[in-house]
Amino acid sequence: MTRTPAPTDTSAPASAAPPTHLAEDGTGTGPRADAEPRPGADTDTVPGTAAPSTATTGPGSETGPGPGVWEALVTSALLGTDRRTPPGGERGPGAAAALLDAAAAETVRRRAGLRPARAARRPEPAPEDPRPPLPAAAARRLTTLLADRPGAAGGGRRGSAPDLMELLPQWLATANARGFAAPPQALPALLDAARGRTDLRPAALTFAGPRALWLARLNPDWRFALRATSGAGTALPGSDATERVRGLWDEGLFAERVALLASLRARDPAGARELLASTWATERAEDRLMFLDSLRTGLEAADEPFLEQALADRSRNVRATAAELLSALPHSALAARMAARAATCVSLDRTLTPPAIAVEAPHECDAGMERDGVVAKPPAGRGERSWWFGQLVEAAPLATWPTRLAGRTAEEIVALPVSDGWQSELHAAWCRAAVRQRDGVWARALLGAPTAPEAGGPGAVSLAERAKLLGTLSAGERAEWVAGFIATHGLSEAFQLLGMCGVPWATPLGRAVVDALNIARDAGSYPWSFSGVMGLAERCLDPSEAGRLDGLLAIPDEPEDASPGAGGYWAEAFQRLVTTLRLRAAMAGELGAGS
């Protein structure tokens, strides 16, 4: 076999070049007398990092290794051999091939001259994960879920194939509930998935465990794991726990301090508040706002003195957040002040039959109102007086109104007419107050009966507000109310409401959704208008409902006015739904859920 000789190399051999010292970041800093490895020296590279691409240069060479030759080759390749003569000097039809040969030879020379980066220190071994390993079938399922990527099928319809990535959050929740440890070989793919989807991060990092943090320190792409869990270590027992918390609070990065405060607040509200108060005066305004928001967790009456001081903060946003938190404490001094202001704006007009609520909105926003969080300047399109009025009512305790309106109950108050067109403004403010104060009695009154002919209800002015009101009720009551709403109004306005219901859906809710989908199919329209609800059903229907759907898999007889081919698309959508439900049942069985 004949070998084509490589271009003549007149440079010194790579081993004769002065060794190049490499810093930790991979940059060369020039020759060093001590660059050769010493006996026993640690020359391993850090796992997960690539050796830097630094070439050695042969002195006096014109065609051998060197940055000048490499740059000339790159320039010739970019400009083209007809515009730039390659370093070998050849022109004409064979110039392009000669350029590629020269580039290949130069690449080999550059790689041969590389020296591995010397680690500053060998990393500590990955920590052990004491949790039990996944069952083998569940581990295989996890690999399949992580391998599914959006667009893998070309970006078109999925047909009857389940959307595996949408099942991953549910799988992670079940695995975490069972206390399993993540397989080490799955951690890179799991971290990549969490990097791309922030909604996955809490469950993914919980499942990944301590080894995820070890990997995150070695790969910059996974540094989000360090930021997201930096406060978790403070929960570990130890005699120096207080010192470690104080040190991280004083010296940590902003994201680390936010995570620390949130973690501490979850288990020791008073300790978190005291930690925040210790440096409050020296924090930046934007940082104070983020830190103050952490007090929503475990909000208690003992927070009131600190929040009252924050009402005098130089930042308007901080003042507004402090006022919002204080108004969520019904017995706070701010709540009493707002109740007194709001009561002067709302009264019962007994001269009318039946009696009606009369509203007199404030005529000015004084300094006291501004200090208590009322924003003086309204957004575009809002009148000043209605803007101020809404803020007063939503911050006032809901217990104000039965006393103010002749002892009526919440249902009776909501049923009263409101004079001069103020009803929507007043009821919207009561909706916000009910959500803020987590008042189920007022939420039920404002929601009204789900079977009422008005889809907007007696009090809410939008479905978004109704969804928020549902959040104040128990899971069972939410599911029952939404099931009644769907039976009366169908699915066209139910998507936001369904998102507030617990998973898996209770049996009455699941059956109401399936019945409504069946009605929509019989109407002959395409299923794409209900794709959002169908996607929710795939993730939220109880898998035991799969058997009830078998009768919907056949292509139905289409009415004369049906959209062409709609029946086939519906059959495909129901097939995907059934396949997904059975897959979820198999996933739960593999994880031992319910055993």
Side-chain angles (χ1 to χ4, degrees), residues 304 307-352 355-408 410 412-437 439 442 445-446 458-462 465 468-469:
E304 183 179 358
L307 293 173
E308 275 285 343
Q309 292 179 359
L311 288 177
D313 196 272
R314 54 188 179 275
S315 166
R316 183 184 67 184
N317 291 332
V318 172
R319 294 196 302 270
T321 301
E324 180 187 346
L325 293 173
L326 282 168
S327 66
L329 296 171
H331 302 293
S332 67
L334 178 137
R337 295 193 296 269
M338 298 302 265
R341 294 179 181 117
T344 64
C345 299
V346 178
S347 60
L348 187 64
D349 188 349
R350 300 176 186 272
T351 64
L352 300 176
I357 295 175
V359 171
E360 181 65 27
H363 291 271
E364 65 173 348
C365 181
D366 57 35
M369 290 168 61
E370 286 197 66
R371 182 185 179 278
D372 285 345
V374 176
V375 178
K377 186 176 180 179
R382 289 287 302 272
E384 286 184 334
R385 296 182 65 199
S386 64
W387 173 244
W388 300 332
F389 171 73
Q391 293 180 80
L392 294 181
V393 173
E394 72 178 273
L398 289 164
T400 303
W401 306 114
T403 303
R404 180 64 174 163
L405 300 174
R408 287 173 168 80
E412 292 169 339
I413 291 172
V414 170
L416 286 171
V418 182
S419 302
D420 301 325
W422 283 96
Q423 177 168 317
S424 62
E425 190 71 48
L426 178 60
H427 284 188
W430 278 338
C431 285
R432 296 192 295 272
V435 172
R436 183 182 297 185
Q437 298 171 35
D439 193 312
W442 273 85
L446 292 162
V461 295
S462 69
E465 286 187 342
K468 292 177 182 177
L469 289 170

Do you know the tightest heavy-atom contact between Pro397 and Ala335? CD-O, 3.3 Å
Suppose we screen for side-chain contact (heavy atoms from CB on, under 4.5 Å). Which residues come up paired with Ala434, at least two apart in sequence or across chains? Leu398, Trp442, Leu446, Leu469
Restricting to side-chain hydrogen bond (donor to acceptor under 3.5 Å, both in side chains), what partner residues turn up for Arg316, sequence neighbours left out? none
Looking at NZ of Lys468 and CZ of Arg432, how far apart are the two atoms once the value is rounded to the nearest 0.5 Å? 9.0 Å
Tightest non-hydrogen contact, residues Trp388 and Ala376, listed as NE1-O, 2.8 Å
I would like to know whether Val435 and Glu465 meet side-chain contact (heavy atoms from CB on, under 4.5 Å); could you show each step before the answer? CA-CA 9 Å; Val435 172; Glu465 286 187 342; over 6 Å; no
With side chains defined as the heavy atoms from C-beta onward, is the minimum distance between Leu307 and Ser332 less than 4.5 Å? no
Looking only at heavy atoms, what is the nearest atom pair of Ala339 and Thr400, with distance? CB-OG1, 3.4 Å
Measure across Arg341 and Asp372 and return the closest heavy-atom pair with its distance rounded to 0.1 Å. NH1-OD2, 2.8 Å
With sequence neighbours left out, the residues meeting side-chain hydrogen bond (donor to acceptor under 3.5 Å, both in side chains) with Asp420 are none
Does Leu326 reach the side chain of Leu311, with side-chain heavy atoms less than 4.5 Å apart? yes
Is it true that, when you exclude His331 itself, more than 12 heavy atoms of the residues, nucleotides or ligands shown sit nearer than 6.0 Å to its NE2? no
Could you tell me which residues satisfy salt bridge (Lys or Arg N to Asp or Glu O under 4.0 Å) with Glu324, sequence neighbours excluded, listed by chain and number? Arg296
Beyond-backbone contact of Ser327 with Met338, side-chain heavy atoms, under 4.5 angstrom: no
Pairing residues for Ala399 by the side-chain contact (heavy atoms from CB on, under 4.5 Å) criterion, not counting sequence neighbours: none
Which residues pass the salt bridge (Lys or Arg N to Asp or Glu O under 4.0 Å) test with Arg404, not counting sequence neighbours? none
Side-chain donor or acceptor of Glu304 paired with backbone N/O of Ala333 under 3.5 Å: yes
Residue list, ring-ring contact (aromatic ring centres under 6.0 Å, His included) with Trp387, at least two apart or on another chain: none
SG on Cys365 to CD on Glu384, rounded to 0.5 Å: 9.0 Å
Partners meeting side-chain hydrogen bond (donor to acceptor under 3.5 Å, both in side chains) with Asp439 (sequence neighbours left out): none
I need the full list of salt bridge (charged side-chain N to carboxylate O under 4.0 Å, His left out) pairs touching residues 356-365, with sequence neighbours left out, sorted by first then second residue. Glu360-Arg385
Who pairs with Arg319 by salt bridge (Lys or Arg N to Asp or Glu O under 4.0 Å), at least two apart in sequence or on another chain? none
Least distance between heavy atoms, Gly383 atom then Pro378 atom: O-CB, 4.2 Å
Val346 and Trp422: CA distance, side-chain angles, deciding distance, side-chain contact (heavy atoms from CB on, under 4.5 Å) verdict: CA-CA 10 Å; Val346 178; Trp422 283 96; over 6 Å; no
Val375 backbone acceptor or donor facing Gln391 side chain under 3.5 Å: yes
What pairs with Asn317 under side-chain contact (heavy atoms from CB on, under 4.5 Å), at least two apart in sequence or on another chain? Leu289, Ser315
Quick one: side-chain contact (heavy atoms from CB on, under 4.5 Å) partners of Leu348, sequence neighbours excluded? Arg350, Pro355, Leu405, Ala406, Arg408, Leu416
Rounded to the nearest 0.5 Å, how far does CD1 of Ile413 lie from NE2 of His427? 9.5 Å
Please report the shortest heavy-atom distance between Ala310 and Ala322, naming the atom on each side. CB-CB, 3.7 Å
